[in-house]
Every structure is written in structure tokens, then in C-alpha cells.
Amino acid sequence: MDLIPREFFDRPSQEVAPDLLGCVLEHETAEGLVAVELTEVEAYAGETDPASHSYRGRTARNGVMFGPPGYAYVYFTYGMHFCVNVVCMPAGIPRAVLLRAGRVTAGEDLARRRRARWRSEASQESILPARDLARGPARLCQALAIDRTQNGLDVCSADGELRLRPADPGLRANGAIEVAVGPRVGVSAAADVPWRFWVAGDPTVSAYRLHKARVR
DNA sequence: TTGCCGATCTTCT
DNA sequence: GAAGATCGGCAAA
């Protein structure tokens with residue numbers, strides 16, 4: 001199986017995003033391989049997008065977004081969660097696509113163990129439905145064991161531990177992937193921009209949530 | 001099924 | 001010092 005060529009990512013994130021649906025993200029670790037077929041993504045721009053981490057320029061955190069396309073930008077948020085993006089456009093132009101959800105296609109047992117917090121105490125059997133294993137950006141990272149240490153990895157390298165493979169051509173050809181579009185989830189700024197793309201009707205797509213400002 | 005709440009800590013103002 | 005590209009639990013409807 002081939003990997004997605006770097007040129008695929010060398011264009012605007014809102015063009016790359018819908019084309020990523022059906023593609024397969026896999027992470028190979030000492031524990032084994034877990035792969036997900038992407039069912040939900042969001043595009044983020046740079047200086048023109050107030051919801052983007054790169055809106056206010058380059059910082060220590062978002063540096064990878066300013067690099068060449070085809071690399072993973074992983075960030076930590078809400079004090080406990082990680083999210084993965086794939087960088088788009090040439091170096092110097094900060095664009096990325098957030099990988100929000102997917103369907104586990106390999107290593108389901110391992111993915112389930114990594115999300116093992118959700119078990120029935122009595123049976124020790126996982127009571128988590130398969131569709132919830134990677135249903136949401138932080139859950140997807142949990143299932144694939146993605147954290148800070150994967151930030152900046154090349155997803156176009158066959159030698160890399162984190163890889164992106166093209167969608168099964170059959171899936172798209174026979175219309176099995178119907179792309180739906182809508183506003184992004186959980187963002188307070190530019191909440192009206194329809195840069196969220198998902199596979200219509202797919203149960204692994206996360207629920208839409210309006211951004212809620214928290215009062216402390 | 002919807003909606004609020006707390007957890008938890010990094011990043012930037 | 002405040003807000004955040006979230007998640008899971010629980011109460012209310």
C-alpha cells in the first residue's frame with residue numbers, strides 16, 4: 001500500500017480536508033499498529049482565520065504549521081487532551097487540517113485498551129461501542145497513542161511511525177463517501193465558516209457542539 | 001436527547 | 001491571569 005504523496009498537502013487546507021475523508025491514518029508503536037479511516041476533518045487557515053492557532057503568527061507551539069506540508073502538528077489542550085493536524089501549503093504559509101474522527105480499521109483491540117478507562121467493573125469487558133473509539137479529535141489521539149512526541153513527524157514517510165494512506169479508490173468511485181459540510185466544532189471565532197467536512201451519515205462522526213465560554 | 005459541569009494545565013496576553 | 005480546535009458524567013426535560 002502506498003502513502004499519500006507530499007504534493008497532496010501542498011494546497012489550501014479547505015481543499016485538502018474533504019479529500020482526506022476515507023484516507024487512512026496509522027500509527028505504529030512497540031505495542032502494535034492502529035489505523036483509522038478518517039470520517040471527519042476540519043480546515044484551518046492562518047492570518048485570515050481567527051480560529052486558527054497561527055492567526056497571531058508563529059509561536060513555540062504552532063511552529064510546525066509554518067513548516068513544509070505533510071507533517072503532523074500535535075497540540076495539547078484543555079489541560080488533558082491532544083489533537084492532530086496535517087500541515088498544508090509550502091513552508092512559511094501556516095495551514096492545517098484537524099483530524100477529528102475516524103473508524104478503526106486495524107488494531108481495534110489495542111485501541112480499545114488505550115481507551116480502557118471505559119470498562120464495566122464487573123466483567124472487565126470494554127463496554128465502549130466500536131464507533132466511539134476514535135469519535136472526536138482527542139479520542140482519535142487516544143486510540144492511536146498520539147501525543148507531544150509525534151509533533152512534527154512526517155506522515156509521508158514509509159519509515160515513519162505515523163503514516164497517511166490514500167482512500168480506497170473504490171470507496172470514492174462508487175459514491176460510498178458522500179461529503180457533508182458545515183461549521184467547525186467548538187470554536188468561538190469564525191464559527192460560521194463551513195470548513196468542517198464529514199462522511200454523511202457515518203456513526204463515527206462526532207456530535208456538533210457549539211463553543212461554550214467557561215466562567216471561572 | 002440536550003445541556004451543564006468539572007477536570008486539568010499549557011499557552012499567550 | 002484567562003481562555004481553550006475536549007471529554008465524560010450526571011441531571012433535567
Any donor-acceptor N/O pair, A/R112 side chain to A/L128 backbone, under 3.5 Å: yes

Base of C/dG8 paired with side chain of A/R209 (donor-acceptor, under 3.5 Å): yes

A/L98 CG - C/dT6 C1' separation (whole Å): 11 Å

Residue pair A/L33 / A/E28, side-chain heavy-atom distance below 4.5 Å: yes

side-chain contact (heavy atoms from CB on, under 4.5 Å) partners of A/F82, counting only residues at least two apart: A/V74, A/F76, A/C141, A/D147, A/R148

Phosphate OP1/OP2 of C/dT6: any A/R100 side-chain N/O under 4.0 Å: yes

Touch class at under 4.0 angstrom, heavy-atom based, for A/A138 against every strand present: sugar-phosphate

Distance, rounded to the nearest Å, where A/R56 contributes CZ and C/dA3 contributes C1': 11 Å

Donor-acceptor pair present, A/H211 side chain and C/dA5 base, under 3.5 Å: no

Distance in angstrom units between A/Y55 OH and C/dA3 P, rounded: 18 Å

Side-chain donor-acceptor contact under 3.5 Å, A/R103 with A/T204: no

A/T39 (side chain) donor-acceptor with A/V199 (main chain) under 3.5 angstrom: no

Expected output: side-chain A/R11 to main-chain A/F8 donor-acceptor under 3.5 Å: yes

Whole angstrom value for the distance that separates P of C/dG9 from CG of A/D132: 11 Å

Stretch residues 35-50 of chain A: residues that reach within less than 4.0 Å of DNA chain C through a heavy atom: A/Y44

Secondary-structure string, 5' to 3', Watson-Crick or G-U under 3.5 Å, | for another-strand partners, for DNA chain B: |||||||.||||.

Sugar-phosphate, base or nothing in reach of A/R184, heavy atoms under 4.0 Å: nothing

Separation of C/dA3 C1' from A/H53 NE2 (nearest whole Å): 11 Å

Interatomic distance, A/H81 NE2 vs C/dG4 P [rounded to whole Å]: 16 Å

A/N85 (side chain) donor-acceptor with A/A96 (main chain) under 3.5 angstrom: no

Close N or O pairs between protein and nucleotides 11-13 of chain C (under 3.5 Å):
none

Cluster overlap A/V86 with A/Y75, hydrophobic side-chain contacts below 4.5 Å: no

Backbone N/O of A/S13 and side chain of A/R95: donor-acceptor pair under 3.5 Å: no

A/S188 vs C/dG4: side-chain N/O to OP1/OP2 distance below 4.0 Å: yes

Leading and trailing nucleotides of DNA chain B with any atom under 4.0 Å from heavy atoms of chain A: B/dC4 to B/dT13

Any side-chain heavy-atom pair of A/I146 and A/L25 under 4.5 Å: yes

Exercise: identify the closest heavy-atom pair between A/V97 and A/C88: CG2-SG, 3.8 Å

Interatomic distance, A/L210 CG vs C/dG4 C1' [rounded to whole Å]: 15 Å

A/R115 side chain near C/dC7 phosphate (N/O to OP1/OP2, under 4.0 Å): no

Spacing of A/Y208 atom OH relative to C/dT6 atom P, expressed in whole Å: 11 Å

Student check: side-chain heavy atoms of A/R135 and A/P129 closer than 4.5 Å: no

Residue whose nearest DNA chain B nucleotide is more 5′ - A/M80 or A/R148: A/M80

Pair up each side-chain donor or acceptor in residues 179-195 of chain A with any protein partner under 3.5 Å, not counting sequence neighbours, and list the distances.
residue, atom, partner, partner atom, Å
A/R184, NH1, A/A43, O, 3.0
A/R184, NH1, A/D49, OD2, 2.8
A/R184, NH2, A/D49, OD1, 3.0

Candidates C/dT6, C/dC7, C/dA5 - which lies nearest the side chain of A/Y78: C/dT6

A/H27 side-chain N/O to A/L144 backbone N/O, donor-acceptor pair under 3.5 Å: yes

Position toward the 5' end of DNA chain C (nearest nucleotide), A/G136 or A/F76: A/F76

Donor-acceptor contact present, side-chain A/E37 to main-chain A/T105, <3.5 Å: no

